[in-house]
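See below for the structure under consideration.
The structure presented is a predicted model; accordingly, all values stated were derived computationally and were not measured.
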Amino acid sequence: MDVGEGAVQEIAPQKKEKEPTEDEKRRQKIAPGTLMKAVVRPGGGDATPSDNCQVVYHYTVRTLDGVVVESSRSEYGGKGIPIRHVLGKSKMIVGLLEGIPTMLKGEIAMFKMKPQVHYGEDDCPVVAPSSFPKDDELHFEIEMIDFFKAKVISDDLGVVKKVITEGQGWECPREPYEVKAWICAKTGDGKVIVSRTRGEPFFFNFGKSEVPKGLEMGIGTMTREEKAVIYVTSQYLTTSPFLPAVEGLEEVHFEVELVHFIQVRDMLGDGRLIKRRIRDGKGEFPMDCPLQDSLLRVHYKGMLLNEEKTIFFDTRVDNHGQPLEFCSGEGLVPEGFEMCVRLMVPEEIALVTCPPDYAYDKFPRPANVPEGAHIQWEIELLGFEMPKDWTGLNFQTIMEEAEKIRNTGNRLFKERKFELAKAKYDKVLREFNHVNPQDDEEGKIFSNTRNLLHLNVAACYLKMGECRKSVETCNKVIEANPGHVKALYRRGMAYMTVGDFEEAKSDFKTMIKLDKSTEPDATAALLKVKLKEQEVEKKVRKQFKGLFDKKPGEIAEAGTEDVDETAGEIHKHDDKEDSDGDHSDESHETADYAPRTSWLSHLWPRRLLAALGRPGCTIL
């Protein structure tokens, strides 16, 4: 088609054709006259099954002169159990793939099939039963008992669910939740195995094999108050207290009404710190939980896990009825307590069982709590206030909020809560990604504050023993400002700690060149590097003393003498605060000395260094 100059031609977008499925390709090969249908008894309604529907039907296969070849019906020698297939998922002969989607519920139809549309099909995915006349033209009588949209729970179709009544919310039970449900179990032909429990719903602990595996898989997809039928085949019928005898059962249909489940969380994954919800709160988990650092208000009762369940503190009794208020992320309550409260919704009550190391072993211990005590807290989250949203705030207000959080981090650092301190600094740095200074003055303040935060993070990494990350964090400052002497000092200390003495000396010498006022601190740091280098070399020389003086075949014992007084000198230096540890800019002192490697690591294998009592060494 010619298009005039200046004219605009509209080009329709090309629609990408969907690749047909294997079943669709098979159905397209059906030749006219190979598959014929006659309705024996009409069905009801106008709905027909489609993909992802589970179809339930009886079948009987006959020769053209009426001899029964095979049937699911008991009167013709079958098991009396209807066939279940999921359209689009189950393997079926192509004649049924084409014919069943045309049937109504309750309909009986006769399909006349030539061999190429039943088991005589080339590459048929379904194996014909032994002695089946797969080369003959046959009649397939199908009675459509039921069909419905199915949720396939196991890929092999061994567990399939039919929803009768939708449930409430979105949360489903999982290990180690506690579950209450009405359950009735029937065989595939409708015989009752376990009648619906009278009086009380059946109670079980999820993940403890207290119900058959397939039933538990199905219940794990249900929400509160949902009603469903869960179809389970033999490979998922494991023995359990609910159904002790499963031998000989090919299929069981479980009618389930999920009454309630109690959220139980294994917080550490080892069964030591357990949070058990005993009263539902308001809101949805986890969207309405105080996952971020927040101001929390709780009532709690603390008990010892002894026979008497001795109460050692109750806010309603010992705090004049006033709740406890605290800010999360600041180490103000035991770690196990805070971990669990972060996963609560307002007005929820939870029972927390806590081991000593997450209770009071690492936290100021109440006088009436013995050392090493296991604790149980009953906690009610009354409410919480989220941190202020910085969106829409002016620059000065943002910097004031940042300073408050940084000061909290500094306090946590002084209390040696390094991970919590680092989390505070990281929070501000993340928020800074969305801050845009409007002029040069704001830009200078912003840059200085960000550099300071990076150095605070680097100091935390040093204290946490992650010296390489400390170096990387210092590099962020140095790349933006090569003359930043505090960053050079911090990086030099990190290099020294891991035994990269040449790099450390280079940073300290660069400090002197850039700023003469730092010469005393840099000189002291260089002396410390020298002493530590000597300590490592002397220790290795003494431990290898005589090793290479022996004749062939002789082995010398590595020396085990203590290092001389030089080590004492070193630790005296380490006890002093480093140059930028005066908190004039609220940056922090470096890590305690814990050398991990030295120049000798380039000469000696890792295993040999470990044998010398230096398992922390790394080959760089």
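- When side chains are defined from C-beta on, Glu171 counts as touching Arg224, because their heavy atoms get closer than 4.5 Å.
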> Under the salt bridge (charged side-chain N to carboxylate O under 4.0 Å, His left out) criterion, do Glu335 and Lys362 qualify, and how do the steps go?
Replying inline: CA-CA 9 Å; Glu335 186 176 358; Lys362 300 177 182 178; 5.8 Å; no
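- We find the CZ-OH distance between Phe363 and Tyr358 to be 15.5 Å, quoted to the nearest 0.5 Å.
- Of the possible polar contacts, none joining the Ser506 side chain to the Glu502 backbone as a donor-acceptor pair under 3.5 Å is found.
- Looking only at distances, a side-chain donor or acceptor of Gln438 sits under 3.5 Å from a matching main-chain atom of Asn436.
- A donor-acceptor pair under 3.5 Å is formed between the side chain of Glu226 and the backbone N or O of Thr223.
- Electrostatic pairing of Asp439 and Lys444 does not count as a salt bridge here, judged by no charged N lying under 4.0 Å from a carboxylate O.
- The aromatic rings of Phe432 and Trp390 sit tilted, their planes meeting at an angle between 30° and 60°.
- With respect to the salt-bridge test (charged N to carboxylate O, under 4.0 angstrom), the residues Arg272 and Asp270 qualify.
- Between Pro346 and Asp288, the shortest heavy-atom contact is CD-O, 3.4 Å.
- Residues Arg297 and Glu385 are not in side-chain contact: their nearest non-hydrogen atoms beyond the backbone lie 4.5 Å or more apart.
- No more than 12 heavy atoms of other residues, nucleotides or ligands sit less than 6.0 Å from atom CD of Glu419.
- Between Asn456 and Cys460, the closest side-chain pair of non-hydrogen atoms is not below 4.5 Å.
- Proximity of a side-chain donor or acceptor of Glu338 to a complementary backbone N or O of Gly329 within less than 3.5 Å is detected.
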> Which is it for Lys539 and Glu535 under the salt bridge (charged side-chain N to carboxylate O under 4.0 Å, His left out) test, yes or no, and what are the steps along the way?
Replying inline: CA-CA 6 Å; Lys539 182 176 181 180; Glu535 176 193 10; over 6 Å; no
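- Remark: Arg406 engages Glu403 in a salt bridge, criterion side-chain N to carboxylate O under 4.0 Å.
- Taking a cutoff of 4.0 Å between a charged side-chain nitrogen and a carboxylate oxygen, Lys424 and Asp293 qualify as a salt bridge.
- A distance below 6.0 Å separates the ring centres of Tyr300 and Phe337.
- Between Tyr495 and Phe501, the ring centre distance reaches or exceeds 6.0 Å.
- Side-chain atoms of Tyr425 come within 3.5 Å of backbone N or O of Asn410 as a donor-acceptor pair.
- Between Cys474 and Arg491, the closest heavy-atom pair is SG-N, 3.6 Å.
- Arg342 places a side-chain N or O within 3.5 Å of a backbone atom of Leu291 that can act as its donor or acceptor partner.
- The two residues Pro290 and Met344 have their closest heavy-atom pair at CD-O, 3.1 Å.
- The backbone N or O of Val477 sits nowhere less than 3.5 Å from a side-chain atom of Asn481 that would complete a donor-acceptor pair.
- In this structure, Thr497 and Cys467 approach most closely via the heavy-atom pair CG2-SG, 3.5 Å.
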>> What verdict does the salt bridge (charged side-chain N to carboxylate O under 4.0 Å, His left out) test give for Lys388 and Glu400, after you've listed the backbone C-alpha separation in whole Å, the side-chain angles of each residue and the deciding distance to 0.1 Å?
In response: CA-CA 12 Å; Lys388 184 182 291 187; Glu400 289 172 355; over 6 Å; no
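- In terms of modelled atom types and a separation under 3.5 Å, the side chain of Ser470 and the main chain of Ala458 share a donor-acceptor contact.
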> Should His484 and Leu488 be marked as a side-chain contact (heavy atoms from CB on, under 4.5 Å) after you check the CA-CA gap, both sets of side-chain angles, and the distance that decides it?
Replying inline: CA-CA 6 Å; His484 201 294; Leu488 288 166; over 6 Å; no
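- Here the CZ-NZ distance, from Phe508 to Lys528, works out to 8.0 Å after rounding to the nearest 0.5 Å.
- Between Met339 and Lys275, every side-chain heavy-atom pair lies at or beyond the 4.5 Å cut-off.
- For the pairing with Trp377, the side-chain contact (heavy atoms from CB on, under 4.5 Å) check across Val298, Thr353, Val352 returns one residue only, Val352.
- The minimum heavy-atom distance between Val345 and Gly281, with the atom names listed, is CG2-CA, 3.6 Å.
- Rounded to the nearest 0.5 angstrom, Met511 CE and Ser517 OG are separated by 8.5 Å.
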>> With salt bridge (charged side-chain N to carboxylate O under 4.0 Å, His left out) as the criterion, how do Lys422 and Glu466 come out once you've worked through the C-alpha distance, each side chain's angles and the decisive distance to 0.1 Å?
In response: CA-CA 12 Å; Lys422 177 181 168 298; Glu466 300 184 53; over 6 Å; no
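- Judged purely by distance below 3.5 Å, without hydrogens or angles, the side chains of Asn394 and Thr397 pair a donor atom with an acceptor atom.
- A 4.5 Å side-chain heavy-atom check between Arg450 and Lys476 finds every atom pair outside the cut-off.
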> Run the side-chain contact (heavy atoms from CB on, under 4.5 Å) check on Asn475 and Val471 step by step: do they pass?
Replying inline: CA-CA 6 Å; Asn475 287 341; Val471 169; 3.9 Å; yes
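- Between Tyr360 and Phe312, the ring planes lie perpendicular to each other; the angle is over 60°, past the 30° to 60° tilted range.
- Put simply, the side chain of Glu431 does not reach to within 4.5 Å of the side chain of Val428, judged on heavy atoms.
- Residues Arg265 and Leu343 approach most closely at CD-CD1, 3.9 Å, considering heavy atoms.
- Judged by distance alone, the side chains of Glu348 and Gln263 never bring a donor and an acceptor atom under 3.5 Å apart.
- For the residue pair Thr473/His454, the side-chain donor-acceptor check at 3.5 Å is not satisfied.
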> Please walk me through it: do His260 and Asp280 pass side-chain contact (heavy atoms from CB on, under 4.5 Å)?
Replying inline: CA-CA 11 Å; His260 185 64; Asp280 291 337; 3.5 Å; yes
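- Here the side chain of Lys486 pairs no donor or acceptor atom with the backbone of Leu455 at under 3.5 angstrom.
- Residue Glu284 places its CD atom among more than 12 non-hydrogen atoms of other residues, nucleotides or ligands, all under 6.0 Å distant.
- To the nearest 0.5 angstrom, His374 atom NE2 is 8.5 Å from Asp357 atom CG.
- Taking the side chain as every heavy atom from C-beta outward, Leu324 and Val333 approach each other to under 4.5 Å.
- With rounding to the nearest 0.5 angstrom, the CG atom of Leu531 is 10.0 Å from the CE atom of Met496.
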>> Run the side-chain contact (heavy atoms from CB on, under 4.5 Å) test on Ile375 and Leu305 for me, step by step, so that the C-alpha distance in whole Å, both residues' side-chain angles and the decisive distance to 0.1 Å come before the verdict.
In response: CA-CA 6 Å; Ile375 301 299; Leu305 273 181; over 6 Å; no
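- Look at Glu472 and Arg468 and you find no salt bridge, because none of the NZ, NE, NH1 or NH2 atoms lies under 4.0 Å from a carboxylate O.
- Looking only at side-chain heavy atoms (C-beta outward), Ser294 and Cys327 stay at 4.5 Å or farther from each other.
- Atoms NZ and CZ, from Lys301 and Arg316 in turn, are 8.5 Å apart once rounded to the nearest 0.5 Å.
- A donor-acceptor pair under 3.5 Å is absent between the side-chain atoms of Asn52 and the main chain of Lys149, judged by distance alone.
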